[in-house]
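Within every chain, numbering begins at 1; the chains are lettered A, B, ... in the order of the sequence lines, protein sequences first and strands thereafter.
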Amino acid sequence: GAGVSQSPSNKVTEKGKDVELRCDPISGHTALYWYRQRLGQGLEFLIYFQGNSAPDKSGLPSDRFSAERTGESVSTLTIQRTQQEDSAVYLCASSARVAGAFSTYEQYFGPGTRLTVT
Amino acid sequence: TQLLEQSPQFLSIQEGENLTVYCNSSSVFSSLQWYRQEPGEGPVLLVTVVTGGEVKKLKRLTFQFGDARKDSSLHITAAQPGDTGLYLCKGGSQGNLIFGKGTKLSVKP
């Protein structure tokens with residue numbers, strides 16, 4: 001597809017259940033990012049994948065959160081034992097790696113998955 | 001710790017008015033971007049600035065990068081209801097990407 005896609009668009013789950021959120025980046029984009037956005041707030045960085053390098057997991061809020069990426073394509077964000085405070089929109093973005101030392105870090109975002117934990 | 005402060009946090013104006021929103025930091029960035037996010041959607045890239053003092057125009061939107069590459073401003077001329085949204089700035093430097101918390105703009109007809 002032309003842009004970043006995410007599924008599902010909406011997810012309602014009961015507290016304590018596990019959820020999986022999927023992101024399909026733009027073809028050829030080597031970098032992939034996950035963010036969390038609570039209602040009316042800015043973007044909170046979660047995790048970053050760049051090619052075959054070890055992911056930057058420094059933004060994951062707890063060990064209930066994990067993410068995987070298959071090569072340079074699909075990524076899955078998993079939240080185990082969901083809590084009500086996990087309710088938010090989860091955004092995925094991808095960017096192309098620019099050759100050389102300088103990168104403009106232009107990111108292209110998907111529409112997000114709205115997660116509601118009841 | 002790198003931070004990007006955006007101001008104002010909220011702005012509500014009438015159609016046709018001009019406005020400026022700001023993005024400030026004590027850190028130097030190699031590039032800075034502005035995004036607009038509409039309700040229910042992901043942020044959409046508006047512009048990238050990379051050179052200190054750079055000015056870019058996108059129709060009624062004018063973006064400026066500070067001379068020291070620590071701050072930026074976005075000026076909208078004759079705002080329209082379609083400009084309503086959350087405006088986010090993002091700074092990039094040596095692999096670190098920092099988002100501001102955004103300015104929520106509402107333009108009333």
Side-chain angles (χ1 to χ4, degrees), chain A residues 2-7 9-10 21 23-26 29-51 53-56 58-59 88-98 100-116, chain B residues 1-12 21 23 25 27-51 54 56 58 63 65 69 72 84-106:
Chain A
V4 178
S5 61
Q6 293 186 245
S7 61
S9 56
N10 283 284
L21 313 180
C23 172
D24 283 271
I26 293 173
H29 279 192
T30 58
L32 186 147
Y33 312 77
W34 283 98
Y35 293 89
R36 178 169 68 180
Q37 186 175 34
R38 292 199 166 103
L39 186 63
Q41 302 296 311
L43 274 62
E44 177 186 358
F45 167 75
L46 296 177
I47 189 167
Y48 161 58
F49 296 91
Q50 174 61 64
S53 302
D56 177 355
S58 60
V89 174
Y90 289 82
L91 290 161
C92 174
S94 70
S95 65
R97 183 182 181 93
V98 177
F102 184 73
S103 172
T104 57
Y105 310 107
E106 294 181 346
Q107 293 173 299
Y108 297 86
F109 284 82
T113 293
R114 180 174 298 279
L115 174 66
T116 303
Chain B
T1 302
Q2 292 178 308
L3 290 174
L4 274 174
E5 302 281 349
Q6 289 193 246
S7 61
Q9 187 175 357
F10 300 98
L11 187 57
S12 181
V21 298
C23 175
S25 176
S27 302
V28 176
F29 294 101
S30 58
S31 68
L32 190 141
Q33 284 138 14
W34 286 91
Y35 294 79
R36 179 171 64 215
Q37 184 179 24
E38 298 183 21
E41 300 181 7
V44 174
L45 178 66
L46 296 174
V47 78
T48 297
V49 287
V50 299
T51 304
E54 181 176 5
K56 281 191 173 179
L58 182 66
F63 304 85
F65 201 13
R69 291 185 287 133
S72 181
T84 293
L86 178 68
Y87 288 80
L88 295 158
C89 67
K90 184 191 80 181
S93 179
Q94 297 182 344
N96 293 320
L97 303 180
I98 308 297
F99 271 97
K101 293 187 183 299
T103 292
K104 191 169 185 178
L105 172 65
S106 174

Quiz item: Near K56(B) NZ, under 6.0 Å, is it more than 12 heavy atoms from other residues, nucleotides or ligands?
Solution: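 Above 12, so yes.
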Self-check item: NZ on K90(B) to CD on E106(A), rounded to 0.5 Å
Solution: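 Those atoms lie 8.0 Å apart.
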Practice problem: Select, from G40(A), P111(A), S9(A), the one with the greatest count of heavy-atom pairs under 4.5 Å involving chain B. | Solution: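 Ranked by contacts with chain B, first place is P111(A).
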Exercise. Heavy-atom pairs under 4.5 Å with chain B are the metric here; pick the option from R114(A), Q41(A), Q37(A) that has the most.
Key: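 Top option by heavy-atom pairs under 4.5 Å: Q37(A).
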Exercise. Measure distances from F45(A) to the heavy atoms of chain B and classify the residue's part below 4.5 Å as side chain, backbone, both or neither.
Key: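 For F45(A), no heavy atom lies under 4.5 Å from chain B.
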Quiz prompt | Q6(A) portion near chain B, given a 4.5 angstrom heavy-atom threshold | solution =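 Neither part.
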Quiz prompt | Check: Q37(B) and F109(A) side chains under 4.5 Å, non-hydrogen atoms | solution =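 When only atoms from C-beta onward are counted, Q37(B) and F109(A) do not touch, as no gap falls below 4.5 Å.
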Quiz item: Does Q107(A) reach the side chain of F99(B), with side-chain heavy atoms less than 4.5 Å apart?
Solution: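 Sidechains of F99(B) and Q107(A): in contact.
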Quiz item: Is there a donor-acceptor pair under 3.5 Å between the side chain of Y48(A) and the backbone N or O of L97(B)?
Solution: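 No, because the side chain of Y48(A) does not come within donor-acceptor range (under 3.5 Å) of the backbone of L97(B).
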Quiz prompt | Closest-packed option against chain A by number of heavy-atom pairs under 4.5 Å, given P43(B), G102(B), G42(B) | solution =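 Highest number of pairs under 4.5 Å: P43(B).
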